[in-house]
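Scroll down for the structure; my scribbles are underneath it.
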Amino acid sequence: MTMNKKTMALAAGAMAAGTLALGGWFGYQHLEEQVGSGEVLRGYNASTPAGTAPHSEDVFTGRVVAFEEQREIEHWTTDIYRVDVVSVLRGDVRGTVRVTFAPDEEPAQRLVDGETYVFATQAWKDDKMVKDGQVLMFQGRMQPVDDTQLAAWRKAVALPLAPE
(Lines give C-alpha, C1' and ligand atoms only; values in the text may rest on other atoms or scores of the structure.)
Protein backbone atom coordinates (compact mmCIF):
# COMPACT_ATOMS: atom_id res chain seq x y z
CA MET A 1 0.00 0.00 0.00
CA THR A 2 2.88 2.40 0.84
CA MET A 3 4.52 1.73 -2.52
CA ASN A 4 1.28 2.53 -4.32
CA LYS A 5 1.07 5.94 -2.57
CA LYS A 6 4.66 6.73 -3.58
CA THR A 7 3.95 5.76 -7.17
CA MET A 8 0.80 7.90 -7.21
CA ALA A 9 2.69 10.87 -5.72
CA LEU A 10 5.47 10.52 -8.31
CA ALA A 11 2.94 10.24 -11.14
CA ALA A 12 1.06 13.32 -9.90
CA GLY A 13 4.33 15.26 -9.64
CA ALA A 14 5.35 14.24 -13.15
CA MET A 15 1.97 15.27 -14.52
CA ALA A 16 2.19 18.65 -12.78
CA ALA A 17 5.70 19.25 -14.16
CA GLY A 18 4.58 18.24 -17.65
CA THR A 19 1.57 20.55 -17.44
CA LEU A 20 3.76 23.47 -16.36
CA ALA A 21 6.29 22.82 -19.14
CA LEU A 22 3.56 22.48 -21.77
CA GLY A 23 1.81 25.62 -20.50
CA GLY A 24 5.07 27.55 -20.73
CA TRP A 25 5.64 26.36 -24.29
CA PHE A 26 2.11 27.35 -25.38
CA GLY A 27 2.54 30.71 -23.64
CA TYR A 28 5.78 31.28 -25.53
CA GLN A 29 4.11 30.35 -28.83
CA HIS A 30 1.29 32.80 -28.11
CA LEU A 31 3.84 35.55 -27.35
CA GLU A 32 5.90 34.71 -30.44
CA GLU A 33 2.81 35.11 -32.64
CA GLN A 34 2.23 38.61 -31.21
CA VAL A 35 5.85 39.69 -31.62
CA GLY A 36 7.26 39.00 -35.05
CA SER A 37 10.79 37.99 -35.83
CA GLY A 38 13.24 40.82 -35.18
CA GLU A 39 10.83 42.81 -33.00
CA VAL A 40 11.69 43.75 -29.44
CA LEU A 41 9.48 43.96 -26.39
CA ARG A 42 10.28 47.19 -24.59
CA GLY A 43 9.21 48.42 -21.20
CA TYR A 44 8.30 51.78 -22.72
CA ASN A 45 6.74 53.23 -25.87
CA ALA A 46 9.81 53.78 -28.02
CA SER A 47 7.89 55.43 -30.84
CA THR A 48 6.88 58.70 -29.11
CA PRO A 49 8.89 61.49 -27.49
CA ALA A 50 6.81 61.27 -24.27
CA GLY A 51 7.38 57.50 -24.09
CA THR A 52 11.09 57.66 -24.88
CA ALA A 53 12.40 60.78 -23.08
CA PRO A 54 11.96 59.42 -19.52
CA HIS A 55 14.22 56.48 -20.46
CA SER A 56 16.93 58.56 -22.14
CA GLU A 57 19.83 60.16 -20.30
CA ASP A 58 20.62 62.45 -23.23
CA VAL A 59 18.23 64.19 -25.62
CA PHE A 60 19.85 66.48 -28.18
CA THR A 61 19.68 67.80 -31.69
CA GLY A 62 22.56 66.64 -33.80
CA ARG A 63 23.74 67.00 -37.38
CA VAL A 64 24.70 63.75 -39.08
CA VAL A 65 28.29 64.11 -40.23
CA ALA A 66 28.61 60.68 -41.81
CA PHE A 67 27.43 57.10 -41.91
CA GLU A 68 30.43 55.19 -40.53
CA GLU A 69 29.57 51.52 -40.77
CA GLN A 70 27.01 48.78 -40.38
CA ARG A 71 27.75 45.83 -38.12
CA GLU A 72 26.24 43.30 -35.76
CA ILE A 73 25.98 44.53 -32.16
CA GLU A 74 24.35 42.18 -29.67
CA HIS A 75 22.76 40.22 -32.56
CA TRP A 76 21.24 43.33 -34.22
CA THR A 77 22.28 44.76 -37.56
CA THR A 78 23.17 48.28 -36.52
CA ASP A 79 24.12 51.44 -38.40
CA ILE A 80 26.68 53.69 -36.74
CA TYR A 81 26.65 57.43 -37.50
CA ARG A 82 29.05 60.20 -36.52
CA VAL A 83 26.92 63.07 -35.20
CA ASP A 84 27.85 66.64 -34.18
CA VAL A 85 25.82 67.74 -31.15
CA VAL A 86 24.04 71.02 -31.99
CA SER A 87 21.94 71.68 -28.87
CA VAL A 88 21.23 69.72 -25.68
CA LEU A 89 17.71 69.35 -24.31
CA ARG A 90 18.76 66.94 -21.53
CA GLY A 91 22.08 65.51 -20.40
CA ASP A 92 25.70 66.45 -20.82
CA VAL A 93 26.61 65.09 -24.24
CA ARG A 94 28.89 67.46 -26.19
CA GLY A 95 31.03 67.55 -29.30
CA THR A 96 30.92 64.68 -31.78
CA VAL A 97 29.44 61.33 -30.78
CA ARG A 98 28.78 58.04 -32.50
CA VAL A 99 25.10 57.04 -32.50
CA THR A 100 23.96 53.47 -33.10
CA PHE A 101 20.67 53.13 -34.94
CA ALA A 102 18.99 49.73 -35.41
CA PRO A 103 15.55 50.42 -36.88
CA ASP A 104 12.87 47.77 -36.44
CA GLU A 105 11.36 48.32 -39.88
CA GLU A 106 12.23 46.88 -43.27
CA PRO A 107 13.65 48.30 -45.43
CA ALA A 108 15.82 49.95 -42.82
CA GLN A 109 15.70 53.73 -42.69
CA ARG A 110 18.97 55.56 -43.24
CA LEU A 111 19.79 58.94 -41.74
CA VAL A 112 20.91 61.57 -44.24
CA ASP A 113 24.35 63.18 -43.99
CA GLY A 114 24.06 66.90 -43.23
CA GLU A 115 20.51 66.67 -41.81
CA THR A 116 19.74 67.55 -38.18
CA TYR A 117 17.63 65.18 -36.08
CA VAL A 118 16.55 64.87 -32.45
CA PHE A 119 18.40 62.02 -30.74
CA ALA A 120 17.21 60.46 -27.46
CA THR A 121 20.03 58.23 -26.26
CA GLN A 122 21.82 56.32 -23.52
CA ALA A 123 25.60 56.12 -23.45
CA TRP A 124 27.05 52.70 -24.26
CA LYS A 125 28.24 51.30 -20.94
CA ASP A 126 30.88 49.22 -22.70
CA ASP A 127 33.31 51.31 -24.80
CA LYS A 128 34.37 48.08 -26.54
CA MET A 129 30.99 48.03 -28.31
CA VAL A 130 31.13 51.57 -29.72
CA LYS A 131 33.78 54.02 -28.53
CA ASP A 132 32.14 57.35 -27.58
CA GLY A 133 28.86 55.69 -28.52
CA GLN A 134 25.26 56.52 -27.80
CA VAL A 135 22.41 54.00 -28.17
CA LEU A 136 19.38 55.54 -29.88
CA MET A 137 16.38 54.86 -27.60
CA PHE A 138 13.76 56.37 -29.93
CA GLN A 139 12.48 53.84 -32.46
CA GLY A 140 9.92 55.95 -34.30
CA ARG A 141 10.49 57.30 -37.78
CA MET A 142 13.46 59.66 -37.71
CA GLN A 143 12.65 62.92 -39.50
CA PRO A 144 14.81 66.03 -39.89
CA VAL A 145 13.98 68.30 -36.95
CA ASP A 146 11.25 70.93 -37.30
CA ASP A 147 9.58 73.31 -34.82
CA THR A 148 6.67 70.95 -34.03
CA GLN A 149 8.97 68.02 -33.36
CA LEU A 150 11.30 70.13 -31.23
CA ALA A 151 8.35 71.39 -29.15
CA ALA A 152 7.19 67.80 -28.52
CA TRP A 153 10.68 66.78 -27.36
CA ARG A 154 11.01 69.86 -25.12
CA LYS A 155 7.72 68.94 -23.46
CA ALA A 156 8.84 65.29 -23.14
CA VAL A 157 12.17 66.08 -21.46
CA ALA A 158 10.25 68.00 -18.78
CA LEU A 159 8.83 64.62 -17.66
CA PRO A 160 10.70 62.95 -14.79
CA LEU A 161 13.28 60.31 -15.62
CA ALA A 162 12.08 56.73 -15.27
CA PRO A 163 13.73 54.71 -12.48
CA GLU A 164 16.49 52.41 -13.69
Side-chain angles (χ1 to χ4, degrees), residues 24 26-164:
F26 280 121
Y28 172 76
Q29 293 301 314
H30 176 71
L31 180 62
E32 189 175 45
E33 289 170 8
Q34 293 177 10
V35 179
S37 175
E39 292 182 30
V40 178
L41 290 176
R42 294 180 182 84
Y44 65 98
N45 182 351
S47 64
T48 67
T52 306
H55 300 274
S56 304
E57 38 180 75
D58 296 298
V59 179
F60 60 95
T61 61
R63 186 179 55 80
V64 175
V65 176
F67 169 80
E68 285 192 353
E69 65 178 312
Q70 185 178 72
R71 64 179 163 142
E72 292 287 318
I73 299 178
E74 295 182 350
H75 310 292
W76 288 93
T77 301
T78 304
D79 292 343
I80 301 173
Y81 294 90
R82 193 170 56 251
V83 175
D84 285 340
V85 176
V86 175
S87 66
V88 177
L89 303 174
R90 173 189 286 151
D92 59 2
V93 66
R94 301 283 186 271
T96 300
V97 295
R98 298 172 77 210
V99 177
T100 59
F101 179 42
D104 290 343
E105 61 193 36
E106 290 293 331
Q109 177 188 6
R110 290 289 165 96
L111 302 182
V112 178
D113 290 358
E115 291 286 357
T116 301
Y117 300 89
V118 176
F119 295 92
T121 65
Q122 293 277 19
W124 275 101
K125 302 300 181 208
D126 184 355
D127 247 6
K128 294 177 203 161
M129 291 290 199
V130 178
K131 185 164 176 44
D132 300 321
Q134 299 281 324
V135 179
L136 187 63
M137 304 297 285
F138 181 71
Q139 291 298 311
R141 187 112 182 108
M142 293 290 286
Q143 300 289 337
V145 68
D146 61 24
D147 291 339
T148 304
Q149 190 184 140
L150 198 52
W153 279 102
R154 283 193 173 118
K155 184 176 178 183
V157 297
L159 298 169
L161 282 171
E164 289 186 28

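Note that the structure is predicted; figures quoted are calculated from it, not measured.
When all heavy atoms are compared, the tightest approach of M142 to F101 is CG-CZ, 3.9 Å. Residue P54 comes nearest to P49 through the heavy atom pair CD-O, 4.3 Å, listed as atom of the first residue, atom of the second, then distance. Between M137 and Q122 the shortest heavy-atom distance is SD-CG, 3.4 Å. Nearest heavy-atom pair, T61 versus S87, reported as atom, atom and distance to 0.1 Å: OG1-OG, 2.7 Å. Scanning all heavy atoms of the two residues, the minimum distance from Q139 to L136 falls at NE2-O, 3.4 Å.
Looking at L89 and L150, their side chains come closer than 4.5 Å, going by heavy atoms from C-beta outward. Counting only heavy atoms from C-beta outward, the side chains of D84 and T96 approach each other to under 4.5 Å. Looking only at side-chain heavy atoms (C-beta outward), V85 and R94 stay at 4.5 Å or farther from each other. Side-chain atoms of T100 and I73, non-hydrogen and from C-beta on, do get closer than 4.5 Å to each other.
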Enumerate, atom names and distances included, each donor-acceptor pair closer than 3.5 Å involving a side-chain atom of residues 110-119, sequence neighbours excluded.
| from | atom 1 | to | atom 2 | distance (Å) |
| --- | --- | --- | --- | --- |
| R110 | NE | D79 | OD2 | 2.9 |
| D113 | OD1 | F67 | N | 3.4 |
| Y117 | OH | V112 | N | 2.9 |

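Evaluation of the side-chain hydrogen bond (donor to acceptor under 3.5 Å, both in side chains) rule for R90 yields no partner, not counting sequence neighbours. For T77, the side chain to side chain contact (heavy atoms under 4.5 Å, CB included) partners at least two apart in sequence or on another chain are Q70, E72. In this view, T48 satisfies the side-chain hydrogen bond (donor to acceptor under 3.5 Å, both in side chains) rule with no residue, not counting sequence neighbours. Residues passing the side-chain hydrogen bond (donor to acceptor under 3.5 Å, both in side chains) test with T52: none are found, sequence neighbours excluded.
Within 6.0 Å of the CG atom in D146, the count of heavy atoms belonging to other residues, nucleotides or ligands exceeds 12.
For the pair E68 (side chain) and R98 (backbone), a donor-acceptor distance under 3.5 Å is absent. Put simply, the side chain of T78 never gets that close to the backbone of A102: no donor and acceptor are under 3.5 Å apart.
The distance from the CZ atom of R63 to the CZ atom of R82 is 10.0 Å, given to the nearest 0.5 Å. Note that the CD atom of E57 and the CD atom of Q134 stand 6.5 Å from one another [nearest 0.5 Å]. For the atom pair CG of D92 and CZ of F60, the computed distance is 11.0 Å after rounding to the nearest 0.5 Å.
Residue pairs meeting the ring pair (Phe, Tyr, Trp, His ring centres under 6.0 Å) criterion with at least one member in residues 140-163, sequence neighbours excluded: F138-W153.
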